[in-house]
There are 2 protein chains.
Amino acid sequence: MEYSEKQVQIMEKAEKLFAEKGFDGTSVRDISEAADVNVAMISYYFGSKEKLMEAMFHHRGQDLRIQLENIIHNKGLTSLQKVEKLIDDYTERIFKKQFFHKIMIREQMVNNAGPIAKQIFLLKQTNQVLINQLISEGQKKGDFKKNIDVSLLMMTLVGTTSQLVTAQHFYKEIHQLQALSDEEFEKLIRKKLSHYLKVLFKAILVYEG
Amino acid sequence: MEYSEKQVQIMEKAEKLFAEKGFDGTSVRDISEAADVNVAMISYYFGSKEKLMEAMFHHRGQDLRIQLENIIHNKGLTSLQKVEKLIDDYTERIFKKQFFHKIMIREQMVNNAGPIAKQIFLLKQTNQVLINQLISEGQKKGDFKKNIDVSLLMMTLVGTTSQLVTAQHFYKEIHQLQALSDEEFEKLIRKKLSHYLKVLFKAILVYEG
DNA sequence: GTTTAAATTAAACGTTTGTTTAAATTTGCG
DNA sequence: CGCAAATTTAAACAAACGTTTAATTTAAAC
């Protein structure tokens, strides 16, 4: 199923507003105003505000899955290089889709059984299975040490990135970087984060404590 | 300023609801029902729903600051032991006040200039300064390596913990731990998290890559 | 016991909410 | 063009929202 130009326009404006003010903090009139359409168009195109959110998850759902298969099956890379590529891919993906990522963070806090919670769960599960593969491969080769808690490692990847994305204005202020433009600042923290996570993962995966 | 028994009762019920459904997703009637008081009591005691939230931050604000001074000035501990104690204190504190912590995660996403955002910023800043002290002390002693990005290290601490707290139902399902009681499960993940973070911090702080 | 203040209540307030309606306009097609 | 379907509109809808009101009950002080 594809979405028309108008539908995408509404979804993208809604995405920004949901990220900033939350689902319940955003009214359909806020969305219609931002998307420059009549209020009724949201019901007309999506059925309801709730279903607009679901459509958004469907629309973005494709982009979410880390392209891990490509990384895992790339014969030219060492296990550690694969992990480093995973970090680059993941952080880039999150920063590019930060509005949607913020919405996901909010939604995963709500422990319900709706279709959105299901989609988030499936995504997490799939990523976990693939990262499990990647780590065990490195362990078999002797590149990584044993006793790695992959779940917690994932939480560090996801959590550290989320923390930087959601609290970036705090980071900006604490480090006195207000002079930087948004683009410069984002470029800076992305680079710092990526480098930091690579050092961190290497330390965890290969350091014999 | 102190809060009466009734005020605390309202704040604690509101805390749970705000954590689960968000500020805008929770109505004053939800709160009054949960706290078993009349709707008007919220305005009567706090002035407004917004001010109830501010009172909650004031009420919990005390508990938030990590008792870092005590740790830092404890002469009997090595730098690494201090970091380990910091991790124990922090994770215990977050798990004990997880409702409030979830509210903070939501609120820090909203980049406004209100009193709540200010309080979160001050808290982060204070903690950062103190952890900076702790790390530099270890570096001077030669226990920790140079070039530590303390901001990102804090984000890993906060982010990993947040991720586990907010996505614990996913963790439960993925690891097939539904049979465990809530208490048993929480005890398990707290122990795992604390141990994992200690290994991680040690690896980052002392591993010469 | 009477008085005064604090606490509690049910009801009503005016807005805002998400959604629907029915009419008007635009679009695509023969 | 002429007609039908799709789109867009302003208006209206009931329900829920946060807050206020005014009356009542409870508690405390004298």
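Any value given below was found using the heavy atoms of this structure, including those in side chains, with hydrogens, waters and symmetry copies removed. Per chain, numbering begins at 1; letters A, B, ... match sequence-line order.
- Between A:Lys6 atom NZ and C:dT26 atom C1' there is a gap of 11 Å when expressed in whole angstrom units.
- Across all strands, B:Phe46 comes closer than 4.0 Å to no nucleic acid atom at all (heavy-atom distances).
- Legend: residues meeting salt bridge (charged side-chain N to carboxylate O under 4.0 Å, His left out) with B:Glu15, ordered by chain and number and at least two apart, are B:Arg60.
- Using a 4.0 Å cut-off between charged nitrogen and carboxylate oxygen, A:Asp24 and B:Lys21 do not count as a salt-bridge pair.
- Within 4.0 Å of B:Thr26, counting heavy atoms only, lie sugar-phosphate atoms of the nucleic acid but no base atom.
- Residue B:Arg29 places its side chain closer to C:dA12 than to any other of C:dA12, C:dT8, D:dA12.
- With rounding to whole Å, B:Lys49 atom NZ is found 11 Å from D:dA16 atom C1'.
- Under a cut-off of 6.0 angstrom, the local environment of NE2 in B:His175 is crowded, with over 12 non-hydrogen atoms contributed by other residues, nucleotides or ligands.
- Residue order along DNA chain C, read from the 5' end via each residue's closest nucleotide, puts B:Asn38 first among A:Val28 and B:Asn38.
- The residues B:Lys16 and B:Glu12 are annotated as not salt-bridged, no charged nitrogen and carboxylate oxygen being separated by less than 4.0 angstrom.
- In the displayed structure, A:Lys49 atom NZ is contacted under 6.0 Å by more than 12 heavy atoms of other residues, nucleotides or ligands.
- Here the nucleotide nearest the side chain of B:Tyr45, chosen from C:dT19, D:dT7, C:dA7, is C:dA7.
- In this structure, B:Glu137 pairs ionically with B:Lys82, as a charged nitrogen and a carboxylate oxygen lie closer than 4.0 Å.
- Within the nucleic acid shown, B:Ser4 has no heavy atom closer than 4.0 Å to any nucleic acid atom.
- In DNA chain D, runs of at least 3 stacked Watson-Crick or G-U pairs (N1-N3 plus N6-O4 or O6-N4, or N1-O2 plus O6-N3, all under 3.5 Å) give these stems: C:1-30 with D:1-30.
- Using a 4.0 Å heavy-atom distance criterion, B:Ser43 is classed as a base contact.
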